[in-house]
Amino acid sequence: MSTLTIFSSVPARTAAEAAPAPTSRPIPAVLGADLEVPVKGGRLVGYANLDYAASAPCLEPVSAAVTAALPAYSSVHRGAGYASQLTTARYEQARHTVRAFVGARPDDAVIFTRNTTDATNLLAGCLPEGTTTVVFDTEHHASLLPWQKSVRLAPPAFPGEAVRAADAALAGIDGPKLLVVTAASNVTGELWPIAALAHVAHRHGARILVDAAQLVPHRRLNLTALDLDYVAFSGHKLYAPFGAGVLVGRRDWLAEGEPYLKGGGAVRSVGDDIEWHEDPEPRHEAGTPNVLGAIALAAACDALTATGWTELVREEERLIARLRSGLASIEGVRELSLWGDDHPRVGIVSFTVDGYSAREVAEVLSSEYGIGVRDGKFCAHPFVRHLLGETDGGCEDGTASAVRASIGIGSTQEHVDRLVEAVRDLVNR
Ligand SMILES: Cc1ncc(COP(=O)(O)O)c(C=O)c1O
């Protein structure tokens, strides 16, 4: 079989093909749905995984895609052998799939990274000299910290205030500017007005990076329609826990920025002078890339697109409404929210329980009820402190922190009800 045959067997897809499949498939299963874990007394119970916002379980089609790719697994981009060419074709097809999944423009770069943190840091290294970043204190540290020069904005009291504050901050900055904002908060799940923020950014000649780590597992994102410049997200939160993430967006800054890693693959030639690739993908993906991670990420994109968002969103909203109203019915339990009960959100709920530290709650949920949640400040220290009204407190010390329950594909009503009843039991002790 010729090289041509291999490449033509996996044709590139365009952003227009990102539309949901006409007939959607059933919601795929996740691995580990039948996992049993020990609780106090030695009993085994089915694990209630309510920690999807940290890392989601692997989708079955993702595992199948990785298993299918393994027998021919080989080096990419450099080998003449058949397996090498097939693996290269699969890796490059993964790029097209991701591009289509986020509705990117045909000429946008799609760079595979390790995760969202890696993607934001990559972009930070490519900003034109003197760029000022505008970022809200509500961000995850991955989007808050990588910037050399930034203006930090206080958590806005309502969505329109976010747009107004960004507008005012960007108006006062000369030179290149970048607005960084999350699409869905990893603390409250609340959705941010990214279309309006993109509009404001562009009005001031700025660009916008959207941290979509918590959005893409729950909602469809269309970079072109929203007029975003960059998006970043992680495979392990998108049911593809094989160590890949991605940065998608405009090529020019990425083509001129310092290569993220310096080494093989990023250079065209090395003599007395070094000629670096101008194409952002090879320029920033030196060394052997995480091929299986990219294949897994693309398989997750395909599986979600094939399922269609309507059913996924409907089921998530049903479960999250049940969880929130259950928790709200317990005295002493307070849900964290920036913009109020009715603001749209993805499947994430953070809360505190009077009389207990978040760590105590999380430990009881795990050891007595077989429930996995996250506790702490969720790597969003300024935001959680703001929501709790605290001035200090470490990330892991169990005080000045909250419990976070998060759901996704594979979450069940029984998991949600078990959590609510466990918290109720705890409060009544
Ligand atoms: C909104 C948001 N951004 C960025 C990150 C960082 O993701 P990663 O740890 O995969 O780099 C997270 C992880 O929790 C997140 O929730």
Side-chain angles (χ1 to χ4, degrees), residues 49-58 62 98 102 111-125 133 135-147 150 155 162 178-194 197 208-219 221 228 230-249 260 284 290 293-294 296-297 300-301 336 338 345-350 362 372-384 386-387 395-396 401-408:
N49 181 353
L50 293 172
D51 199 13
Y52 279 54
S55 272
C58 185
V62 169
V98 170
V102 295
I111 302 173
F112 285 114
T113 62
R114 287 178 294 181
N115 46 41
T116 309
T117 308
D118 205 30
T120 53
N121 277 272
L122 193 167
L123 183 62
T133 303
V135 60
F136 288 91
D137 262 350
T138 46
E139 291 301 316
H140 186 282
H141 296 165
S143 291
L144 187 69
L145 301 180
W147 321 108
S150 57
L178 176 73
L179 176 63
V180 179
V181 67
T182 188
S185 165
N186 69 309
V187 179
T188 65
E190 288 165 304
L191 297 174
W192 276 63
I194 51 176
L197 288 166
I208 182 167
L209 161 66
V210 166
D211 174 345
Q214 299 294 353
L215 183 79
V216 290
H218 302 279
R219 297 286 186 280
L221 173 73
L228 310 179
Y230 304 96
V231 300
F233 59 94
S234 304
H236 70 100
K237 295 183 195 293
L238 191 70
Y239 310 100
F242 289 84
V246 73
L247 175 68
V248 182
Y260 192 47
H284 297 296
N290 179 358
L297 183 48
C301 295
L336 305 191
L338 183 62
R345 64 198 70 215
V346 297
I348 296 175
V349 178
S350 293
V373 292
R374 173 96 188 264
D375 67 285
K377 285 190 174 59
F378 320 121
C379 296
H381 291 193
F383 188 30
V384 172
H386 170 81
L387 292 169
C395 192
E396 308 301 341
S401 53
V403 180
R404 182 180 70 189
S406 49
I407 61 169

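All ligand and atom numbering here is 1-based and tracks the order in the structure. Any value given below was found using the heavy atoms of this structure, including those in side chains, with hydrogens, waters and symmetry copies removed.
In this structure, Tyr260 and Thr113 have side chains that are not in contact, with every pair of non-hydrogen atoms separated by 4.5 Å or more. Pro217 has its side chain out of reach of Tyr52: every pair of non-hydrogen atoms, C-beta onward, lies at least 4.5 Å apart. With a 4.5 Å cut-off on side-chain heavy atoms, Pro382 and Leu144 count as touching.
Residues with a heavy atom under 4.0 Å from ligand 1: Asn115, Thr116, Thr117, His140, Ala142, Thr182, Asn186, Asp211, Ala213, Gln214, Ser234, His236, Lys237.
Defined by atom type and a distance below 3.5 Å, a donor-acceptor pair is present between the side-chain atoms of Thr116 and Ser234.
Enclosure of atom CZ in Arg219 by more than 12 non-hydrogen atoms of other residues, nucleotides or ligands within 6.0 angstrom is indicated.
Evaluated for a side-chain contact (heavy atoms from CB on, under 4.5 Å) with Val216, the options Val346, Val246, Leu221 yield exactly one hit, Leu221.
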